[in-house]
Amino acid sequence: MKRFNPSELETKWQKIWEDQSRYEVNEDSTKPKLYVSGMFPYPSASGLHSGHAFSYTIVDTIARFYRTHGYNVLNPMGWDTFGLPAENYAIKTGKAPAKVTVENIANFKRQFKRMGVSIDWSREINTSDPDYYKWTQWVFTEFFKQGLAYQKQSMQWWCPVDKTVLANEQVEGGKCWRCGNEVEKRSMKQWFFKITDYADDLLAEIPDLDWPEKIKTAQTNWIGRSEGAEITFVIDGQNEELTVFTTRPDTIFGATFMVIAPEHQLVNKLVNEDTKQVVENYVADALKKSEIDRMNEGKEKTGVFTGSHAINPATGEKIPIWVADYVLGGYGTGAVMAVPAHDERDLAFAEKFSLPVVNVIDGVKNDDGVIISEGTLQNSGAFDGTPTSDAREVIVAWLKEQGVGKSKITYKMRDWLISRQRYWGAPIPIIHCDEHGAVAVPEADLPVVLPEVKEYAPKGEGGSALAGVEDWVNTTCPECGKPAKRETDTMDGYACSSWYLLRYTDPNNAKQAWNPEKANYWAPLDYYVGGDHAVAHLLYVRFWSHVFKKMGLVDVREPVKKLVYHGYVNAEDGRKMSKSFGNVIDPLDIIDQGYGADTLRTYVLFMGPIELDSAWSSQGIGGVYRFLNRVWTLAQEYLGASPQEAGKQDDLEALRHKTIKKVTRDYHSLGFNTAIAALMEYVNELYKAKTTGFTSDWQIHIETLVQLLAPFAPHMTAELWQQLGHDGPLDTTEWPTWDDALTQASVITVAVQVNGKLRATIELSADSTQDDATTAAMTNENVQRFLDGKQPKKVVYVPGRLVNIVV
RNA sequence: GCGCGGGUGGUGGAAUUGGUAGACACGAGGGACUUAAAAUCCCUUGGCCUCACGGCCGUGCGGGUUCAAGUCCCGCCCCGCGCACCA
């Protein structure tokens with residue numbers, strides 16, 4: 001009898017799969033297609049971690065399952081290689097990120113192969129490969145032509161010593177993370193993608209997505225649509241106006257003051273001799289504060305009076321204009337009309353600075369003393385008595401007549417800032433010409449190849465390391481041929497990952513980003529597996545796809561049909577795995593320790609439901625190893641047993657049908673943990689049954705077991721399939737079927753309740769009627785005791801499950 | 001604060017969507033094999049009471065609906081995650 005030797009088996013089968021290019025696919029109109037992918041990894045220097053093992057086991061299990069159902073399965077892999085870790089490593093060591101990346105990819109690929117993943121490696125992509133980012137740049141130029149990519153001044157954290165822009169998370173306590181010097185906010189010209197143009201479209205599709213509610217609501221909230229009005233206030237004694245956005249135009253008669261954000265352009269015009277200094281100090285302070293500082297201050301309101309007043313267009317009254325950081329510069333118009341009687345924040349501000357409160361709604365106060373519910377208007381001139389629900393429209397119409405108001409929809413979502421003053425990214429394909437301004441690099445000149453440099457750190461006043469490469473920066477204008485300069489910013493890595501799912505469908509196309517025919521065969525992605533990026537990436541992919549649809553480059557608008565959002569794999573101690581805790585489990589170690597990839601794969605799926613976080617258990621993985629070992633041993637014992645008598649055990653056959661049904665359904669619903677449990681149960685029963693000897697029907701039991709287990713443990717099952725006498729590959733062997741009629745065992749156990757309490761279980765033949773069951777139940781000794789001679793008032797019978805006798 | 005999940009044995013988790021709560025696995029205990037150990041195989045394992053047959057209690061807490069509630073309804077408590085002064 002051959003012993004179970006995972007390492008030997010896995011080497012053998014991985015080589016066969018690779019030599020035969022077993023998982024390479026092409027468009028095939030005769031078969032249904034299935035496109036499945038994980039969120040492609042950033043190939044770090046440390047290799048695969050347990051999260052990768054989890055994610056890609058899910059992907060691979062789905063891929064393998066569908067192959068047995070006759071699907072043409074696309075399961076690709078690629079590398080999300082641009083990003084900070086490689087650049088920081090380069091800054092520290094001087095080693096070129098491109099070179100390090102190639103090494104890391106090779107390591108990742110080797111490790112993935114050892115997990116037994118069924119990937120079409122001919123479609124491998126790498127976002128930092130010029131053949132790939134050529135098309136990322138092409139998309140940029142297309143967006144630019146459509147006005148979807150544009151430049152705008154925006155506030156950025158800036159370190160005056162390192163002369164670089166910093167991300168929010170690189171500012172610690174107001175200081176630069178590298179040099180420790182105080183940072184400042186600077187207004188700089190940045191590139192944006194106009195995702196806000198698609199806000200409504202992206203929002204509209206959310207309800208129809210087969211995605212977890214959690215992600216759908218996160219996206220809905222992120223887009224943050226609100227309907228309201230813009231109202232213009234005239235500034236008293238000045239030829240200036242202040243426009244606000246409000247969702248409650250009906251409360252305008254209660255607007256007793258105004259508040260503008262510290263960033264507001266009008267701040268300087270509103271101050272006077274007396275207030276100038278105080279306001280300037282406040283604004284400078286506010287701009288220096290990080291988001292975190294603001295959060296730490298809680299909801300405590302701060303602010304200063306500008307010295308100016310506005311005229312409330314409804315009441316005609318003069319109301320003071322304040323500056324306060326609770327009003328955000330980036331939302332709405334950066335200014336609000338404060339209605340303290342009907343807004344908690346405005347009330348808190350009014351109380352702190354003793355500003356008047358006018359209640360304009362007859363309604364119910366909430367716990368904070370504010371009426372936000374509906375009611376009828378009061379103190380509102382001609383509108384008194386109007387229900388608030390009607391008042392919104394009526395008042396906007398009235399303001400509109402006077403030319404000071406209109407309906408307006410506002411979104412929380414801002415345009416996507418995509419420029420990065422960093423080296424390791426796809427160069428933004430723009431040339432700046434004195435005469436023609438920003439000009440897109442023509443398609444024929446793409447890609448704009450990232451030049452080799454010696455120094456990777458950001459340079460100069462807001463430029464990346466590329467700003468130092470003079471012969472690269474200096475070029476000619478595509479429009480007029482005069483000397484011009486290249487854009488030295490690179491693109492956010494999220495740009496590269498916003499279209500890779502389409503590139504997989506046609507990865508080696510040198511003429512186009514993809515051939516629409518190929519994309520339309522595969523798109524949309526049927527399963528997208530990941531455990532990160534609830535909003536950013538998943539919103540950006542949708543955004544690009546919506547644009548591509550409009551451009552006629554794909555037929556489907558939504559790129560991802562089903563999102564499989566799994567939990568984290570935590571360490572054995574329940575904490576996050578981390579080098580500093582010393583609790584990291586390396587999946588390759590697990591394989592090397594002798595458990596093998598089959599055990600690793602089966603274990604990560606057995607830990608619990610995939611959407612939940614789980615904790616690694618080195619005891620638990622032993623249990624899964626034992627299970628696979630039991631399957632192997634059982635098969636070996638069967639194969640070694642001879643001669644085999646003819647024979648058939650009905651109950652075992654019923655269990656086989658039941659198991660096929662249960663396991664198949666679980667695969668479809670991704671309930672892998674319970675599928676594995678059902679297989680364990682089947683194996684346990686087979687162990688009990690084998691004590692009476694193997695008979696001819698065992699061939700079908702072992703084969704069924706092997707087939708049902710194959711997507712989880714592909715190596716071992718491939719080997720057993722061969723040993724069972726099959727020449728063809730198990731991968732594409734048709735999945736076993738079940739017959740509902742045969743899932744019933746000959747004897748069924750029925751629960752008997754008296755007044756809803758369990759009093760006995762009785763064994764009945766499967767074809768028993770309600771009367772048979774009732775009779776059997778009534779004659780049960782223990783049941784009789786509880787009936788105590790009383791006549792049943794009612795008998796409830798659930799076929800095959802229970803009898804409840806009510807007395 | 002708002003939104004989304006979730007509270008079931010010593011542990012991870014099952015429960016056909018209202019029908020025998022605790023499948024499966026880990027851990028623990030016992031047994032077989034062995035000179036011994038490992039490996040393997042078998043049995044027991046929610047708590048309490050009982051020699052036993054069996055009984056009582058039990059799915060975060062309090063009510064309710066129902067022949068029947070982990071599951072549905074009402075009111076609370078706790079935990080995790082996401083967003084967070086969005087006017």
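Each chain gets a letter, A, B and so on, in the order the sequences are listed, and its residues count up from 1. In this text, all values refer to a predicted model and were calculated from it rather than measured experimentally. These numbers come from the heavy atoms of this one structure, side chains and all, not from hydrogens, waters or symmetry mates.
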Rounded to whole angstroms, how far apart are CG on Leu679(A) and C1' on A23(B)? 14 Å
Euclidean distance for C1', U11(B) against C2(B) (whole angstrom): 35 Å
In whole Å, what separates the C1' atom of G19(B) from that of A69(B)? 10 Å
Taking CD from Glu572(A) and P from G27(B), how many angstroms apart are they, rounded to a whole number? 11 Å
Taking 4.0 Å as the cut-off, does a side-chain nitrogen or oxygen of Lys658(A) come that near to OP1 or OP2 on A23(B)? no
If you look at every strand shown and take non-hydrogen atoms under 4.0 Å, does Thr761(A) touch a base, only sugar-phosphate, or nothing? base
Run Tyr540(A) and Trp416(A) through ring pair (Phe, Tyr, Trp, His ring centres under 6.0 Å) and show every step you take. CA-CA 9 Å; Tyr540(A) 298 151; Trp416(A) 171 12; 3.6 Å; yes
Using a cut-off of strictly less than 4.0 Å, decide whether Arg759(A) has a side-chain nitrogen or oxygen near OP1 or OP2 of C56(B). yes
Any donor-acceptor pair under 3.5 Å from Lys216(A) side chain to Pro207(A) backbone: yes
Paired with C33(B): which nucleotide, if any, by Watson-Crick or G-U wobble criteria at under 3.5 Å for both distances? none
Give me the distance, rounded to whole Å, that separates A14(B) from C42(B) when you measure between the P atoms they each carry. 25 Å
In Watson-Crick or G-U wobble terms, both distances under 3.5 Å, what is the partner of U65(B)? none
For Gly224(A), which contact category applies under a 4.0 Å heavy-atom criterion: base, sugar-phosphate, or nothing? nothing
From U20(B), C42(B), C26(B), nucleotide with atom closest to Ser617(A) side chain: C26(B)
A84(B) to C78(B) separation - C1' atoms, rounded to the nearest Å: 22 Å
Assign Tyr603(A) to base, sugar-phosphate, or nothing according to its heavy-atom contacts below 4.0 angstrom with the strands shown. nothing
According to the Watson-Crick and G-U wobble definitions, with both distances under 3.5 Å, which nucleotide is paired to G70(B)? none
For the P atoms, the ones on G10(B) and on C77(B), what distance do you get once it is rounded to whole angstrom? 26 Å
Here's a test of your reading of the structure: between Trp222(A) and Thr674(A), which maps to the more 5' nucleotide of RNA chain B? Thr674(A)
Whole-Å distance, Glu685(A) CD to C24(B) C1', equals 12 Å
Closest listed nucleotide, where the reference is the side chain of Arg785(A) and the choices are G5(B), G54(B), G3(B): G54(B)
With a non-hydrogen cut-off below 4.0 angstrom, is Arg665(A) in contact with a base, only sugar-phosphate, or nothing? nothing
Does the side chain of Arg542(A) come under 3.5 Å of the side chain of Gln219(A) through a donor N or O and an acceptor N or O? yes
If only atom types and distance count, is the side chain of Ser380(A) paired as donor or acceptor with the main-chain N or O of Phe253(A) below 3.5 Å? no
Just by distance, do the side chain of Tyr603(A) and the backbone of Ser617(A) share a donor-acceptor pair under 3.5 Å? yes
Within the 4.0 Å heavy-atom criterion, would you say Lys757(A) contacts the bases, only the backbone, or no part of the nucleic acid? sugar-phosphate
Please work out if Pro609(A) contacts a base, only the sugar-phosphate, or nothing of the nucleic acid, heavy-atom cut-off 4.0 Å. sugar-phosphate
Name the orientation of the base relative to the sugar in G62(B): syn if the glycosidic angle is within 90° of 0, else anti. anti
Regarding the side chain of Thr217(A), the nearest nucleotide among C4(B), C43(B), C85(B) is C4(B)
Taking the six-membered ring for Trp, are Phe712(A) and Phe627(A) ring centroids under 6.0 Å apart? no
Can you give me the N/O atom pairs linking the protein to nucleotides 66-72 of chain B at distances under 3.5 Å, or say none if there are none?
residue	atom	partner	partner atom	Å
C67(B)	O2'	Asn804(A)	ND2	3.3
C67(B)	O2	Asn804(A)	ND2	2.5

Mark yes or no for whether Thr256(A), through its side chain, and Pro356(A), through its backbone, hold a donor-acceptor pair below 3.5 Å. yes
N or O in side chain of Asn673(A) less than 4.0 angstrom from A23(B) OP1/OP2: no
Taking OP1 and OP2 of G3(B), is either one under 4.0 Å from a side-chain nitrogen or oxygen of Thr220(A)? no
When you measure from the centre of the six-membered ring of Tyr687(A), is the NZ or CZ of Arg630(A) closer than 6.0 Å and no more than 45° off the axis? yes
Distance check needed: G13(B) P versus Ile610(A) CD1, whole Å only. 14 Å
Measure from NZ or CZ of Lys576(A) to the centre of the six-membered ring of Tyr568(A), then state whether that distance is under 6.0 Å and the direction lies within 45° of the axis. yes
Would you kindly give the CD1-to-P distance between Ile260(A) and C85(B), to the nearest whole Å? 19 Å
Walking RNA chain B from its 5' end, the first of Tyr625(A) and Gln619(A) to be reached, judged by nearest nucleotide, is Gln619(A)
Across all strands, who's sitting opposite A14(B) as a Watson-Crick or G-U wobble pair, both distances under 3.5 Å? none
Regarding U17(B), purine or pyrimidine glycosidic angle vs 90° from 0 gives syn
What's the gap between A15(B) and C79(B) when it is taken at their C1' atoms, as a whole Å value? 23 Å
Pairwise P distance for G70(B) and C4(B), with rounding to whole Å: 26 Å
Calculate the interatomic distance between Arg626(A) atom CZ and C42(B) atom P; express it in whole Å. 12 Å
Under 3.5 Å donor-acceptor, Lys352(A) side chain and Lys301(A) backbone: yes
In this structure, how many angstroms lie between the P atom of G18(B) and the CG atom of Leu758(A), rounded? 21 Å
Distance check needed: G3(B) P versus Ile223(A) CD1, whole Å only. 18 Å
Quick check on side chain to side chain contact (heavy atoms under 4.5 Å, CB included): which of Ile319(A), Val259(A), Leu242(A), Thr251(A) does Met337(A) satisfy it with? Thr251(A)
If the C1' atom of G22(B) is compared with that of G12(B), how far apart are they to the nearest Å? 13 Å
Distance check: side-chain N/O of Tyr331(A) vs OP1/OP2 of A87(B), anything under 4.0 Å? yes
Does C51(B) have a Watson-Crick or wobble mate here (both distances under 3.5 Å), and if so which one? none
Taking the minimum atom-to-atom distance to the side chain of Asn782(A), which one of G3(B), G27(B), G55(B) wins? G55(B)
Quick check against the 3.5 Å criterion: does Asn312(A) have a side-chain atom that pairs as donor or acceptor with the backbone of Ile252(A)? yes
Please determine, for C83(B), whether a Watson-Crick or G-U wobble partner exists with both distances under 3.5 Å, and give it or none. G1(B)
Which nucleotide in the list A25(B), A87(B), C43(B) gets nearest to the side chain of Lys688(A)? C43(B)
Is the backbone N or O of Asp740(A) less than 3.5 Å from a side-chain atom of His657(A), with the two atoms forming a donor-acceptor pair by type? no
Under 3.5 Å, side chain of Glu263(A) to main-chain N/O of Gly330(A), donor-acceptor pair present? no
Using nucleotides 10-12 of chain B, report all nitrogen or oxygen pairs with the protein that are shorter than 3.5 Å.
residue	atom	partner	partner atom	Å
G12(B)	O2'	Met607(A)	O	2.8

